[in-house]
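Note: hydrogens, waters and symmetry copies are ignored here, and every other heavy atom, side chains too, is used. We're numbering straight along the sequence, starting at 1.
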Amino acid sequence: MEQFCLETLAIRAGYERTHEQENSEAIFPTSSYVYDSAQQAADRFSGEVPGNVYSRFTNPTVRTFENKLALLEGGEACVATASGMAAILACFMGTLTAGDHLVSSASIFGTTKVLFNKYLKKFGIEISFVPQTDYQAWSNAIQPNTKALFLETPSNPLTEIADIARLSKLARQQGALLVVDNCFCTPIFQQPLKQGADIVIHSATKFLDGQGRCLGGAIVGSEATVGEEIRGVIRTAGPSMSPFNAWVFIKGLETLALRMEAHSIRAQQLAEWLSEHPAVERVFYPGLASHPQYDLAQQQQRAAGALLSFRVKGGRQQAWSVIDSTKMLSITANLGDVKTSITHPASTTHSRVDPVEREAAGITENLVRISVGLEGIEDIKQDLARGLNNLRS
């Protein structure tokens, strides 16, 4: 089905109807499978014959989600996981070993940074953090034992855009893997594998679901690395996606293109409005010409996406005042929902990051993050205007 466009693939690809000839994908809520004979069971367990073994690592519904996302991202294989964080953990458990070195952007989700510093280091993985858009810093951080480079682009919450093709060349010179978190763009707006990345990671909890219902993650890449090494981690360690969650994500993928376009249109309108508000110090959104990587975003992404952040004039008290003055927006740290969400990153998503590091990364006390949903744009503006106008007065 590779000849079809992304919208068609998201709806039609990756599934074979059962003998019941259903039009909507079936859910297989089963933990185990039966075999025609002891020999067939032995062949399945040994891997000599393909087929379902145990739903920790083989389930038809989960496989459908994996097949669809692999096709959308242009990868050979996809492995689904219980959460986005499980995807990151499984990725590096499958590709790194004690004594290896990982270079990561400093502009990553706070919990990812904790995972790297508190847990990967415990198992002998060396970590270096560099500014996302400082390519000399990336190059300087490379060591003889560097085996992977990791980043989110756009980043959370400042929407920094990194040049995937440029970092891919650097990784290849070292013989390292380039791993890109594509959560905020999704394959509808960006396909990192086609720009030189080796592995793409998703928190399916966000835009792939699109309605804040289920937890899940995914890793996409080559058959050798993802299909073999990383799938082996899922098989053995078990951070597996449930069949029900996989079915929800399958349904989410069907409307992904429509939703992402609608999200992005509203986010662009909101970013432009915020840029003109006297109580706003600065807006961070790749669709604004004032964004430092605006030109790169125009080349690398099909659209700017749904995530934006802005600094109010003042500090934490003023940022909290704007958030608390909203009546419609959801005060939650989750994102990617049809419901617009608003949060204070310094005290939520990045609260476990060292305050000095947090400030250096630009996550200041007056920063507010918004994941723009699908409500009417004028309603979103009015809800924000209540608090912003109070600051101005």
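When atom types are taken as modelled, the side chain of Lys113 and the backbone of Ile108 share no donor-acceptor pair closer than 3.5 angstrom. With Ser351 contributing its side chain and Thr348 its backbone, the two residues share a donor-acceptor pair below 3.5 Å. For Arg352 (side chain) and Thr111 (main-chain N/O), no donor-acceptor pair under 3.5 Å exists by modelled atom type. The backbone N or O of Ala42 lies less than 3.5 Å from a partner atom in the side chain of Ser46, making a donor-acceptor pair. A distance-only check finds a donor-acceptor pair linking the side chain of Lys68 to the backbone of Ala13 [under 3.5 Å]. Remark: side-chain polar atoms of Glu359 are not paired, donor with acceptor, to backbone N or O of Val356 under 3.5 angstrom. Judged by distance alone, the side chain of Ser275 and the main-chain N or O of Ala271 form a donor-acceptor pair under 3.5 Å. The backbone N or O of Gly212 sits nowhere less than 3.5 Å from a side-chain atom of Lys339 that would complete a donor-acceptor pair. Panel note: side chain Ser309, backbone Pro157; a donor-acceptor pair is recorded below 3.5 Å. A donor-acceptor contact shorter than 3.5 Å links the side chain of Thr58 to the backbone of Val53.
No side-chain heavy atom of Ser341 sits under 4.5 Å from any side-chain heavy atom of Leu329. Two residues are said to be in side-chain contact when any heavy atoms from C-beta on lie closer than 4.5 Å; Ile342 and Leu384 meet this criterion. Between Leu274 and Leu270 the shortest side-chain heavy-atom distance falls below 4.5 Å. Annotation: side chain of Pro154 is in contact with side chain of Cys185 (closest heavy-atom distance under 4.5 Å).
Tracing side-chain contacts under 4.5 Å through hydrophobic residues (I, L, V, M, F, W, Y), one reaches Met241 starting from Leu208; they form part of the same cluster. Note: the hydrophobic cluster containing Leu6 also contains Phe184 (ILVMFWY, side chain heavy atoms under 4.5 Å, direct or indirect links). Under a hydrophobic-cluster definition in which Ile, Leu, Val, Met, Phe, Trp and Tyr are linked whenever side-chain heavy atoms come within less than 4.5 Å, directly or via other members, Leu307 and Phe207 are assigned to the same cluster. The hydrophobic cluster containing Val179 does not contain Val220, counting ILVMFWY residues as joined when their side-chain heavy atoms lie under 4.5 angstrom apart, directly or transitively. Note on Phe123: it does not cluster hydrophobically with Met93, by side-chain heavy-atom contacts below 4.5 Å among ILVMFWY residues.
Applying the salt bridge (charged side-chain N to carboxylate O under 4.0 Å, His left out) test to every pair with at least one member in residues 125-141, sequence neighbours left out, gives no pairs at all. Every pair passing ring pair (Phe, Tyr, Trp, His ring centres under 6.0 Å) that includes a residue from residues 29-74 is listed here, sequence neighbours excluded: Phe65-Phe249. The list of side-chain hydrogen bond (donor to acceptor under 3.5 Å, both in side chains) pairs with a residue in residues 69-93, not counting sequence neighbours, reads Glu73-Asn182, Glu73-His202. Pairs of residues two or more places apart, or lying in two chains, that qualify as salt bridge (charged side-chain N to carboxylate O under 4.0 Å, His left out) and include a residue from residues 225-248 are Glu66-Arg231. Sorted by first and then second residue, the side-chain hydrogen bond (donor to acceptor under 3.5 Å, both in side chains) pairs involving residues 360-383 (not counting sequence neighbours) are Asn156-Arg369, Arg311-Thr364, Arg316-Glu365, Thr340-Glu375, Thr364-Asn366, Glu378-Lys381, Asp383-Arg386.
Residues Thr61 and Ala26 come closest through the heavy atom pair OG1-O, 3.4 Å. Listed here is the closest heavy atom pair of Gly196 and Ser168: O-OG, 2.8 Å. What you find for Ala162 and Thr153 is that their closest heavy atoms are N-OG1, 3.0 Å.
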Please set out all donor-acceptor pairs under 3.5 angstrom arising from side-chain atoms of residues 319-326, sequence neighbours excluded.
| from | atom 1 | to | atom 2 | distance (Å) |
| --- | --- | --- | --- | --- |
| Trp320 | NE1 | His344 | ND1 | 3.1 |
| Ser325 | OG | Ser321 | O | 2.7 |
| Thr326 | OG1 | Ile323 | O | 2.7 |

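Hydrophobic cluster membership for Val248: Ile27, Phe244, Trp247 (Ile, Leu, Val, Met, Phe, Trp, Tyr linked by side-chain heavy atoms under 4.5 Å, directly or transitively). Other residues sharing a hydrophobic cluster with Leu170 under the 4.5 Å side-chain heavy-atom criterion for ILVMFWY residues are Val103, Val130, Tyr135, Trp138, Ile142, Leu149, Leu151, Ile161, Ile164, Leu167, Leu178, Val180, Leu296. Residue Leu158 shares its hydrophobic cluster (ILVMFWY side chains chained together at separations under 4.5 Å) with Phe284, Ile363, Leu367. Cluster note: Val338 groups with Leu374 through ILVMFWY side-chain heavy atoms spaced under 4.5 Å, whether in direct contact or through intervening members.
Partner of Gln132 under the side chain to side chain donor-acceptor pair (under 3.5 Å) criterion, out of Ser155, Ser105, Ser107: Ser105 alone. For the side-chain contact (heavy atoms from CB on, under 4.5 Å) with Ile265, the qualifying choice from Gln269, Gln268, His263 is Gln269, the only one to do so.
Atom CG of Asp163 is separated from atom CD of Gln293 by 10.0 Å, given to the nearest 0.5 angstrom. Atom CG in Asn67 sits 9.5 Å away from atom CD1 in Ile250 (nearest 0.5 Å). Between the CD atom in Glu48 and the CD atom in Gln39 there is a gap of 8.0 Å [rounded to 0.5 Å]. The CZ atom of Arg17 lies 9.0 Å from the CD atom of Glu25; values are rounded to the nearest 0.5 Å. Within the model, atoms CD1 of Ile201 and CG of Asp181 stand 6.5 Å from one another, a figure rounded to the nearest 0.5 Å. For the atom pair Thr95 OG1 and Leu177 CG, the distance stands at 6.0 Å (nearest 0.5 Å).
Shown here is Lys251, whose NZ atom has more than 12 heavy atoms of other residues, nucleotides or ligands within 6.0 Å. Counting heavy atoms of neighbouring residues, nucleotides and ligands inside a 6.0 Å radius, atom CD of Glu272 exceeds 12 of them. Heavy atoms of other residues, nucleotides or ligands lying less than 6.0 angstrom from NZ of Lys121 number more than 12. Atom CE of Met85 has more than 12 heavy atoms from other residues, nucleotides or ligands within 6.0 Å.
Using a 4.0 Å cut-off between charged nitrogen and carboxylate oxygen, Arg172 and Asp198 count as a salt-bridge pair.
A donor-acceptor contact closer than 3.5 angstrom is absent between the side chains of Asp295 and Gln299. Side chains of Thr255 and Arg259: a donor on one and an acceptor on the other come within 3.5 Å.
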What do the steps show when you test Asn59 against Asn52 for side-chain contact (heavy atoms from CB on, under 4.5 Å), and what is the final call?
CA-CA 7 Å; Asn59 178 275; Asn52 297 315; 5.9 Å; no
Given the rule in the side chain to side chain donor-acceptor pair (under 3.5 Å) test, do Asn245 and Arg213 qualify, once you have shown the distances and angles that lead to the verdict?
CA-CA 8 Å; Asn245 287 11; Arg213 298 165 291 193; over 6 Å; no
Does the ring pair (Phe, Tyr, Trp, His ring centres under 6.0 Å) test come out yes or no for Phe150 and Phe116, once each step is laid out?
CA-CA 11 Å; Phe150 175 77; Phe116 289 171; 5.6 Å; yes
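For Leu258, the side-chain contact (heavy atoms from CB on, under 4.5 Å) test picks out no residue, with sequence neighbours left out. With sequence neighbours excluded, the residues that form a side chain to side chain donor-acceptor pair (under 3.5 Å) with Glu22 are Tyr15, Thr18.
Aromatic ring centroids of Tyr285 and Phe310 lie 6.0 Å or more apart.
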